[in-house]
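What follows is a set of notes on a single structure, which appears directly below.
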There are 2 protein chains.
Amino acid sequence: MPKNPQPPAKPLDATDLALVRLLEQDGRMSNAMLAREVGIAESTCLVRVRSLRERGVVRGIHADIDPVAVGRPVEAMIAVRFGGHRRSHFEQFTEEVPRLPGVLGAFHVSGAIDYFVHVACESADALRDFVLDHLTNRPGVLHAETSLIFESLRGRGTLAPPEDDPEEEAADRA
Amino acid sequence: MPKNPQPPAKPLDATDLALVRLLEQDGRMSNAMLAREVGIAESTCLVRVRSLRERGVVRGIHADIDPVAVGRPVEAMIAVRFGGHRRSHFEQFTEEVPRLPGVLGAFHVSGAIDYFVHVACESADALRDFVLDHLTNRPGVLHAETSLIFESLRGRGTLAPPEDDPEEEAADRA
DNA sequence: CATGAAAGTAAAACGAC
DNA sequence: GTCGTTTTACTTTCATG
């Protein structure tokens with residue numbers, strides 16, 4: 001599994017961006033269809049997609065699961081505030097929080113709040129236990145404020161507009 | 001594209017849960033390997049996975065893209081507060097926010113905050129413009145508080161523990 | 001780096017149970 | 001619902017430009 005946070009950070013060309021956009025929209029699209037869509041040979045497409053994964057541009061491909069369907073109908077966003085702000089506390093939390101049960105995402109942020117934790121639980125009780133056991137009851141944590149999620153929406157991702165390549169813009173002006 | 005929010009909400013059996021867990025971990029795992037892993041025929045596996053998608057248990061399969069690599073290095077979580085709380089404002093926002101450029105997710109929540117918006121922007125300037133153009137300058141919005149994201153972590157998803165099926169527990173005790 | 005062709009695999013449909 | 005088989009399609013490697 002590539003953990004590269006893109007060390008050289010090579011800029012992607014238009015083809016790479018097109019592949020990224022397609023995979024972001026449908027991560028199970030076949031290599032053959034990807035190749036057809038972006039207009040390159042299948043073998044070339046395979047190499048490019050593999051490179052995108054190795055470079056860490058594509059960090060992974062995951063099914064988006066409805067939490068309700070798998071018995072975790074209670075979703076919440078929990079704002080966590082630390083006291084003291086010792087580096088070790090953040091580091092430990094950063095390491096452990098993704099592995100806590102039901103955690104969908106966690107965000108280390110600037111400002112009054114230190115962490116947002118997005119979680120899906122089996123019940124309101126389970127949510128309370130999660131907060132008490134894993135957040136409030138943790139060295140360094142001052143406060144955890146839980147917001148129940150009424151509705152969770154997926155955005156269109158990092159590449160909403162099809163592409164901003166010069167040719168297309170030229171065509172638009174014509 | 002199936003939009004079913006699981007109308008009958010049939011409970012998933014252990015095989016379905018295993019498939020969900022595997023696809024959540026690796027959405028590109030081949031049908032053949034899925035079948036092998038969960039111990040069913042490939043043709044059966046195909047039917048079950050298709051059913052999971054049709055029932056909306058699997059809402060989609062998407063590549064997880066590093067925003068930095070595609071030119072959106074500034075990530076933020078924006079807490080949005082509405083005034084008046086007119087239903088129409090929420091409905092319009094709910095409809096439009098997933099389509100705004102760079103939006104990765106949005107969460108309608110209970111409490112002092114009404115919405116959390118997770119966004120990836122090209123720059124700090126672009127983030128400011130996003131907030132001003134699409135959030136602050138929107139009918140009904142009272143306030144938007146932006147937290148820069150230092151680090152974004154993916155959780156293990158809805159099904160962290162492998163499975164809690166009786167056989168496995170029995171095996172563990174042996 | 002990109003390609004086409006060849007060899008190996010996998011997906012999808014089907015009939016049977 | 002599940003399965004084994006067959007047909008169709010795809011992935012992947014490799015030699016070449």
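Every value quoted in this text rests on a predicted model; they were computed, and no experiment measured them. First the proteins, then the strands, lettered A, B, ... as listed; each starts at 1.
Atom CE of B:M29 and atom P of C:dA11 are 12 Å apart (whole Å). Rounded to whole angstrom, the span from the CG atom of B:L52 across to the P atom of D:dG1 amounts to 12 Å. Here the P atom of nucleotide C:dG8 and the CG atom of A:N31 are 19 Å apart, to the nearest Å. In this structure, B:E54 atom CD and C:dA12 atom C1' are separated by 14 Å, rounded to whole Å. Regarding A:M33, its CE atom lies at a distance of 14 Å from the C1' atom of C:dA12, rounded to whole Å. Put simply, CD on B:E42 is 14 Å from C1' on D:dT7, counting in whole angstrom units. Rounded to a whole Å, the CG atom of B:L46 is 13 Å from the P atom of D:dC3.
Contact annotation: A:R36 side-chain N/O to D:dC10 OP1/OP2 distance is under 4.0 Å. Side-chain N/O atoms of B:R50 include none lying less than 4.0 angstrom from OP1 or OP2 on C:dA12.
Residue B:F150 comes nearest to A:S110 through the heavy atom pair CZ-CB, 3.4 Å, listed as atom of the first residue, atom of the second, then distance.
The side chain of A:S43 lies closest to C:dG4 when the candidates are D:dT11, C:dA13, C:dG4. Each of C:dT3, C:dA10, D:dC10 was ranked by its minimum atom distance to the side chain of B:A32; first place goes to C:dA10. Closest approach to the A:I40 side chain among D:dC3, C:dA11, C:dT3 is made by C:dT3 (side chain taken as heavy atoms from C-beta onward).
Around CZ of B:R154, the count of heavy atoms belonging to other residues, nucleotides or ligands within 6.0 Å exceeds 12.
Within the 3.5 Å criterion, the main-chain N or O of A:A120 finds a donor-acceptor partner in the side chain of A:R72.
Comparing A:V47 and A:R28 by the nucleotide of DNA chain C whose heavy atom lies nearest to each, the residue mapping closer to the 5' end is A:V47.
Remark: the B:T44 side chain and the D:dG1 base include no donor-acceptor N/O pair separated by less than 3.5 Å.
Aromatic ring pairs are classed by plane angle as parallel below 30°, tilted from 30° to 60° and perpendicular above 60°; the pair A:F82 and A:Y115 is tilted.
Here A:H85 and A:F90 bring their ring centres to under 6.0 angstrom of each other.
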